[in-house]
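A quick write-up on the structure given underneath.
Just so it is clear, the model here is predicted, and its values are computed rather than measured.
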Amino acid sequence: MSRLLSLLAVLWFTVAPQAGAAPSPADRAAFLKLAKKGWVYELRTAIWKSDPLIPPIVINGRDLAGASLCVVGELPHPQTQAVLNTFRALMAEVFGKPLPLRYAGQGLEFCGTGRSVYLRLYSERPPHVAFNEDLRRMDEVFRFGLPSGREQFVASPAQAQTFFGRRGRTTHVMVMQPPPGETTELEAAFYASILIEELYQSFSFGMDILHFDREAAFLSKLEEFPVNLRHLPWGSAGYMQALLGSNPAGLCQFDVFMLHALAQAPVERTNSDAFLEFINSDFDRLEAVSDATLANPNYAPILDGACTVKLR
C-alpha cells in the first residue's frame with residue numbers, strides 16, 4: 001500500500017462512519033438552530049452600498065452549482081488532489097451538475113472567463129505578493145472596488161473571500177497544502193481539514209458558527225471552538241493539533257443535510273426565514289437523501305464520523 005493510500009486509510013478509520021453503520025436520526029431542533037446561525041444572516045453591506053452600480057446582493061446556496069474550480073499556484077499535492085476529487089464528486093451528486101477542475105499555472109488570467117472559484121495552493125511562505133496580484137486581477141474583471149494602494153496580507157493558512165462587484169461576484173480561496181513528499185498522520189489530517197472547511201464554506205455560503213461549550217458535541221464543520229494560536233507557527237505540531245481540536249476534521253451529517261437543503265430549496269434567497277421553513281417542512285425527506293449520501297463509502301475521506309452520530 002502506498003504512503004498516500006495508507007494516510008487515506010488512517011483518515012478513514014479516524015473520521016469515517018463504521019462500515020454499514022447508519023447515521024442516527026437527526027435532531028430537528030438542533031439542525032434548524034444551526035441552519036439559522038450559519039445561513040440566515042445579513043451581509044455587512046455598508047461597503048457595497050457606497051457603489052450604486054453594484055447589483056443588489058442575493059445569497060443563494062445554489063449560485064455556484066455548475067461553476068468550475070480553477071487552481072493556481074502550486075500543483076495539488078496527491079492528498080490535496082484526493083480531497084478535491086472527493087468534494088467534487090459530492091457536489092456533483094447533490095447539485096446534479098459537475099464541478100470541473102483545472103490547473104491554470106501561476107496566475108488567475110489563465111483561468112478563462114467562465115464562472116470559477118479560484119483556489120490558490122501554497123506550501124511554504126504565505127504568498128502575499130501572489131495574493132494581492134489575484135485580488136487586483138479579480139478587481140479588473142469584476143469591478144468590486146479594491147482600495148487603491150492597499151496591500152492585503154495572508155492572515156491564516158486557509159481563508160476564503162467572496163467579492164461582489166459591478167460585473168458579478170467571485171470567490172477566492174487560498175489554502176496551505178502539504179509540501180512535496182510524505183506527510184505524517186497529523187499533517188495529513190490538518191491539511192485535509194482546512195481544505196475541506198474552505199471548500200464547503202465557499203460553495204455553501206455558510207458562515208462560521210461559534211461553539212463555546214467544550215463538553216457539547218460538534219454537529220457541523222462550520223462550528224469553531226475559539227483557540228489562541230497567535231504565537232504558534234502554522235506548520236508546527238502544536239498549531240495543527242490545536243486547530244484540529246477546534247472543530248470537526250471533516251463534514252458532519254448536518255453539513256451533508258444542508259447541501260441537499262440548499263440544492264432543493266424553492267426559494268430565491270437561502271439566507272432567509274423561507275429557507276428555514278422549507279427545511280422544517282421537508283425535514284424527513286432531506287434527512288433520508290442525506291443519509292443515503294453519507295452511506296456512500298466514496299465520500300469517507302472528507303467526512304468526520306464522530307459528528308454524524310448525534311446525542312439526544
Side-chain angles (χ1 to χ4, degrees), residues 38-39 43 55 57-77 80-122 127 130-144 146 152 154-165 167-177 191-208 221-222 250-251 255-256 258-259 262-263 270-271 302:
W39 277 267
L43 288 174
I57 298 172
V58 176
I59 300 297
N60 191 304
R62 293 185 298 277
D63 283 351
L64 291 178
S68 63
L69 189 59
C70 185
V71 177
V72 295
E74 296 179 352
L75 284 167
H77 184 280
T80 303
Q81 190 67 59
V83 171
L84 291 173
N85 289 345
T86 306
F87 182 80
R88 291 169 57 219
L90 174 63
M91 293 293 292
E93 175 184 319
V94 173
F95 288 90
K97 295 181 180 180
L99 175 54
L101 180 146
R102 61 177 301 218
Y103 177 69
Q106 294 302 313
L108 299 191
E109 63 270 21
F110 302 110
C111 285
T113 57
R115 288 193 305 136
S116 294
V117 170
Y118 305 112
L119 171 61
R120 177 167 289 280
L121 296 173
Y122 70 100
F131 175 45
N132 281 278
E133 290 176 350
D134 290 350
L135 295 181
R136 285 190 286 270
R137 172 62 180 171
M138 292 190 299
D139 193 30
E140 290 174 2
V141 175
F142 296 96
R143 305 288 297 276
F144 50 79
L146 184 70
Q152 308 290 326
V154 182
S156 67
Q159 59 187 57
Q161 296 170 283
T162 294
F163 300 90
F164 301 86
R167 297 175 181 169
R169 70 181 63 184
T170 184
T171 297
H172 185 275
V173 183
M174 187 160 52
V175 179
M176 191 176 187
Q177 67 168 352
Y191 289 116
S193 176
I194 60 176
L195 178 58
I196 292 166
E197 181 171 354
E198 298 305 328
L199 290 174
Y200 179 76
Q201 196 155 25
S202 297
F203 279 88
S204 72
F205 290 91
M207 298 286 283
D208 291 334
K221 180 62 173 165
L222 296 188
L251 300 182
D255 300 319
V256 175
M258 286 302 298
L259 287 179
L262 292 165
T270 49
N271 61 331
I302 63 171

Residue pairs passing the salt bridge (charged side-chain N to carboxylate O under 4.0 Å, His left out) test with at least one member in residues 111-120, sequence neighbours excluded, are Arg120-Asp134

In the structure I gave you, are the side-chain heavy atoms of Tyr191 and Val83 within less than 4.5 Å of one another anywhere? no

What pairs with Ser204 under side chain to side chain donor-acceptor pair (under 3.5 Å), at least two apart in sequence or on another chain? none

Any side-chain heavy atom of Leu108 within less than 4.5 Å of one from Glu133? no

Do Tyr200 side-chain atoms and Asp255 backbone N/O form a donor-acceptor pair below 3.5 Å? yes

Going by side-chain contact (heavy atoms from CB on, under 4.5 Å), name the residues that satisfy it together with Glu109, two or more places apart in sequence or in a different chain. Arg137

Minimum-distance pair of heavy atoms, taken over all atoms of Leu135 and Phe144: O-CZ, 3.7 Å

Could you state the interatomic distance from CG (Leu259) to CE (Met91), rounded to the nearest 0.5 Å? 6.0 Å

Residues at least two apart in sequence or cross-chain that pass side chain to side chain donor-acceptor pair (under 3.5 Å) with Asn132, listed by chain then number, are Glu151

By salt bridge (charged side-chain N to carboxylate O under 4.0 Å, His left out), Arg62 pairs with (sequence neighbours left out) none

Nearest 0.5 angstrom please: Leu90 CG to Leu251 CG, how far? 7.0 Å

Sequence-distant partners of Gln81, side chain to side chain donor-acceptor pair (under 3.5 Å), two or more places apart: Asn85

Please confirm whether the ring centroid of Phe203 lies under 6.0 Å from the ring centroid of Phe95. no

On a heavy-atom basis, which atom in Val72 and which in Cys111 lie closest, and how many Å separate them? CG1-SG, 3.9 Å

Rounded at 0.5 Å granularity, tell me how far CZ in Arg167 sits from CZ in Phe142. 10.0 Å

Would you name the heavy atoms of Ser156 and Tyr122 that are closest together and state the gap between them? O-OH, 3.7 Å

Taking it one step at a time, do Asn271 and Phe205 satisfy side-chain contact (heavy atoms from CB on, under 4.5 Å)? CA-CA 9 Å; Asn271 61 331; Phe205 290 91; over 6 Å; no

Between Gly61 and Leu262, which heavy-atom pair has the shortest distance, and what is it? CA-CD2, 3.9 Å

So among Leu69, Leu99, Thr162, which one has a side chain to side chain contact (heavy atoms under 4.5 Å, CB included) with Val117? Leu69

Results of side-chain contact (heavy atoms from CB on, under 4.5 Å) for Ser193 - residues two or more places apart only: Lys221, Leu244, Asn247

Non-neighbouring partners of Thr80 that pass side-chain contact (heavy atoms from CB on, under 4.5 Å), sequence neighbours left out: Pro76, His77, Leu84, Leu121, Gln177, Pro178, Leu195

Sequence-distant partners of Glu93, side chain to side chain donor-acceptor pair (under 3.5 Å), two or more places apart: Thr293, Tyr299

Return yes if some donor-acceptor pair links the side-chain N/O of Asn60 with the main-chain N/O of Thr270 below 3.5 Å, else return no. no

Which value, rounded to the nearest 0.5 Å, describes the distance between Ile196 atom CD1 and Thr86 atom OG1? 8.5 Å

Inter-residue atom distance Leu199.CG - Thr171.OG1, 0.5 Å rounding: 11.5 Å

With sequence neighbours left out, the residues meeting salt bridge (charged side-chain N to carboxylate O under 4.0 Å, His left out) with Asp63 are Arg169

Begin from the C-alpha positions of Glu140 and Leu146 and carry the test side-chain contact (heavy atoms from CB on, under 4.5 Å) through to its verdict. CA-CA 9 Å; Glu140 290 174 2; Leu146 184 70; over 6 Å; no

Report the distance from atom CD of Gln201 to atom CD of Gln159, rounding to the nearest 0.5 Å. 12.0 Å

Sequence-distant partners of Ser116, side-chain contact (heavy atoms from CB on, under 4.5 Å), two or more places apart: Ser68, Cys70, Tyr118

Shortest non-hydrogen contact between Ile59 and Phe164, atoms and distance: CD1-CZ, 3.8 Å

Those residues that, when tested against Phe131, pass ring-ring contact (aromatic ring centres under 6.0 Å, His included) (two or more places apart): His172

Shortest non-hydrogen pair, Val173 vs Ala160, comes out as CG2-CB, 3.9 Å

